[in-house]
Amino acid sequence: MARLGAVAVLFLAAAVVAAEGILDPTDFLALQAVRRSLYDMPGSAFFDGWDFTADPCGFPGVYCDGNRVSALALGDPRAGSPGLTGRLDPALGRMTALTELSLVPGRVEGELPGSLASCSNLRFLAVSKNLISGTIPDGIGALSNLRTLDVSFNQISGAIPPSIASLPAITNLILCHNQLTGGIPSFPDSSPLLRMDLKHNALSGGVPSLPGSLQYLSLAANRLTGQVDSVLPRLTRLNFLDLSMNQLDGPIPPSVFTLPLSVLQLQRNFFSSLVQPASDVTIPVVDLSYNRFWGPLSPLLAGIGQLYLNNNRFTGDVPSRLVQELVGNGGLQLLYLQHNFLTGIEISPSSSLPSGVSLCLMYNCMVPPVYAPCPIKAGTQNTRPADQCPEWRG
């Protein structure tokens with residue numbers, strides 16, 4: 001009898017262990033719905049490992065915490081692997097313990113399920129480089145634990161829900177390469193946002209108040225208007241700034257040149273002001289081309305690595321310090337000055353530019369004293385017509 005009792009205890013213990021390994025029925029059914037709505041693209045074998053006669057917590061891309069699905073990584077993440085096709089099923093919202101949901105690049109279409117608003121623990125949502133359309137669900141703005149939202153390179157339209165700006169944990173907002181319209185919501189000072197990438201949409205209006213925590217800001221290739229001289233000085237932690245290809249105007253505050261930037265891209269706007277930094281600028285890449293900047297060039301720009309000032313309204317002589325940095329193998333490696341109203345440069349006609357250095361002086365109010373290859377877009381005219389150069393008579 002004692003032996004039979006021991007066997008019974010062992011059997012009961014085994015049953016308890018087995019029960020602990022059983023996935024929550026709601027999550028089990030939700031995974032089945034996800035599987036029915038998605039398919040491997042040719043060459044992908046991601047779903048070959050999804051055999052529902054086995055424990056789903058052992059499926060590729062499925063991660064569990066106890067008896068709940070805590071993370072779902074759909075598709076083979078290896079570089080170059082084919083992705084998935086089909087749609088994201090609303091059943092995803094029934095997996096309420098989800099903290100991470102990701103989808104590899106593929107051909108998944110349809111809308112982002114509004115039911116994801118029920119996944120209150122969601123911290124990471126990334127579905128980039130698919131064919132997802134529709135709008136960003138308003139309920140996404142209720143996910144108080146969400147840190148990363150990446151829906152880039154899709155076909156999402158409509159406005160950015162204002163509630164997203166109030167997410168208390170958001171650090172990465174990546175919505176670039178979509179069809180978003182309307183304005184950019186204003187973010188509170190308390191926002192922990194580090195990265196905002198909204199480039200290549202159809203956003204309009206001005207650049208709103210943004211949190212000082214930002215380190216990466218790209219709003220390029222939208223339809224933004226207005227001035228930024230009251231917005232930029234507050235963003236003292238920026239290391240990347242791209243506002244190019246908009247319709248922004250007005251001045252650029254000198255303080256922008258003191259930011260710890262690796263890249264400053266303001267090209268193809270309507271900015272109009274003197275460019276007068278208060279101290280030496282050491283940003284590796286600065287592109288101010290195709291604007292309406294005017295006045296003399298500052299010698300404090302000589303510490304830049306690649307400097308694009310072409311297609312503006314700069315006047316006067318090119319500062320000797322810029323020439324010395326360029327010719328003397330200093331930090332300045334590229335200097336584009338074409339299509340301005342510059343009247344002179346102190347450089348010997350016999351000077352040969354060091355290998356790897358680029359200088360373009362075409363279409364100014366001077367005859368370029370040295371030959372240097374220019375980009376094709378610079379045209380073929382070496383010098384402006386004299387009637388455009390009142391301070392220079394040729």
Side-chain angles (χ1 to χ4, degrees), residues 220 239-245 252 254 256-269 271 274-384 389 391-392 394:
N239 55 49
F240 183 96
L241 176 59
D242 186 356
L243 303 179
S244 62
M245 292 182 284
I252 292 298
V256 75
F257 296 106
T258 66
L259 298 175
L261 293 169
S262 59
V263 172
L264 172 61
Q265 293 183 308
L266 304 178
Q267 69 270 25
R268 296 185 183 276
N269 279 283
F271 289 123
L274 290 167
V275 178
Q276 292 183 324
S279 58
D280 285 334
V281 183
T282 57
I283 303 171
V285 178
V286 173
D287 193 340
L288 307 182
S289 63
Y290 292 94
N291 277 287
R292 298 172 181 175
F293 292 115
W294 53 275
L297 298 180
S298 172
L300 298 176
L301 300 173
I304 295 170
Q306 298 179 25
L307 180 56
Y308 300 84
L309 299 177
N310 53 287
N311 295 82
N312 278 286
R313 300 173 180 178
F314 291 112
T315 56
D317 289 353
V318 180
S320 58
R321 188 174 170 194
L322 268 68
V323 178
Q324 291 166 4
E325 284 289 319
L326 193 69
V327 176
N329 269 323
L332 186 58
Q333 296 295 303
L334 181 146
L335 181 59
Y336 277 2
L337 300 173
Q338 67 269 23
H339 288 258
N340 279 287
F341 295 84
L342 299 168
T343 51
I345 182 172
E346 293 183 14
I347 185 171
S348 170
S350 61
S351 293
S352 59
L353 296 175
S355 176
V357 166
S358 297
L359 171 66
C360 186
L361 298 168
M362 292 179 66
Y363 211 65
N364 276 283
C365 294
M366 61 175 166
V367 177
V370 293
Y371 171 76
C374 285
I376 294 176
K377 290 182 180 180
T380 58
Q381 289 183 272
N382 280 338
T383 306
R384 277 188 179 275
C389 302
E391 297 181 8
W392 180 73

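From a predicted model like this one, the values you see are computed outputs, not experimental measurements.
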Task: Side chain to side chain, Arg321 and Asp280, heavy atoms closer than 4.5 Å - done: yes
- [ ] With side-chain contact (heavy atoms from CB on, under 4.5 Å) as the test, would you mind laying out the steps for Asn310 and Tyr290 before giving the verdict?
- [x] CA-CA 7 Å; Asn310 53 287; Tyr290 292 94; 3.6 Å; yes
TODO: Examine distances only and state if a side-chain atom of Asn239 and a backbone atom of Pro260 form a donor-acceptor pair shorter than 3.5 Å.
DONE: no
Open item on the list: With side-chain contact (heavy atoms from CB on, under 4.5 Å) as the criterion, how do Leu301 and Val286 come out once you've worked through the C-alpha distance, each side chain's angles and the decisive distance to 0.1 Å?
Closed with: CA-CA 9 Å; Leu301 300 173; Val286 173; over 6 Å; no
Open item on the list: For a 4.5 angstrom cut-off between non-hydrogen side-chain atoms, does Pro284 reach Leu261?
Closed with: no
TODO: Decide yes or no on side-chain contact (heavy atoms from CB on, under 4.5 Å) for Ile304 and Leu264, but give the supporting numbers first.
DONE: CA-CA 11 Å; Ile304 295 170; Leu264 172 61; over 6 Å; no
Task: Contact check, side chains of Arg268 and Asn311, non-hydrogen atoms, under 4.5 Å - done: no
- [ ] For the residue pair Ser289 and Asn312, confirm or rule out a side-chain donor-acceptor distance under 3.5 Å.
- [x] no
TODO: State, with a plain yes or no, whether a side-chain heavy atom of Phe257 is found less than 4.5 Å away from one of Leu300.
DONE: no
Task: Test side chain to side chain contact (heavy atoms under 4.5 Å, CB included) applied to Leu359 and Leu322, Val323, Leu335, the passing residue - done: Leu335
Open item on the list: side-chain contact (heavy atoms from CB on, under 4.5 Å), that's the test. Do Thr343 and Asp317 meet it? Break it down for me.
Closed with: CA-CA 5 Å; Thr343 51; Asp317 289 353; 3.1 Å; yes
Open item on the list: Between Gln381 and Tyr363 (side chain of the first, backbone of the second, donor and acceptor by atom type, cut-off under 3.5 Å), is there such a pair?
Closed with: no
- [ ] Could you check if a side-chain atom of Leu297 sits within less than 4.5 angstrom of a side-chain atom of Leu337, using non-hydrogen atoms only?
- [x] yes
- [ ] May I ask you to decide if Asn340's main-chain N or O and Arg384's side chain share a donor-acceptor pair within less than 3.5 Å?
- [x] yes
Open item on the list: Would the distance check show the side chain of Asp242 and the main-chain N or O of Ser244 forming a donor-acceptor pair, the cut-off being under 3.5 Å?
Closed with: yes
- [ ] Give me the ring orientation class for Tyr308 and Tyr336: parallel if the planes are under 30° apart, tilted from 30 to 60°, perpendicular past 60°.
- [x] perpendicular
Task: Any Asp287 side-chain heavy atom under 4.5 Å of Gln267 side chain - done: yes
Open item on the list: With a 4.5 Å cut-off on side-chain heavy atoms, are Leu361 and Met366 touching?
Closed with: yes
TODO: For a side chain to side chain contact (heavy atoms under 4.5 Å, CB included) with Asn364, tell me which candidate from Ile345, Asn382, Leu342 qualifies.
DONE: Leu342
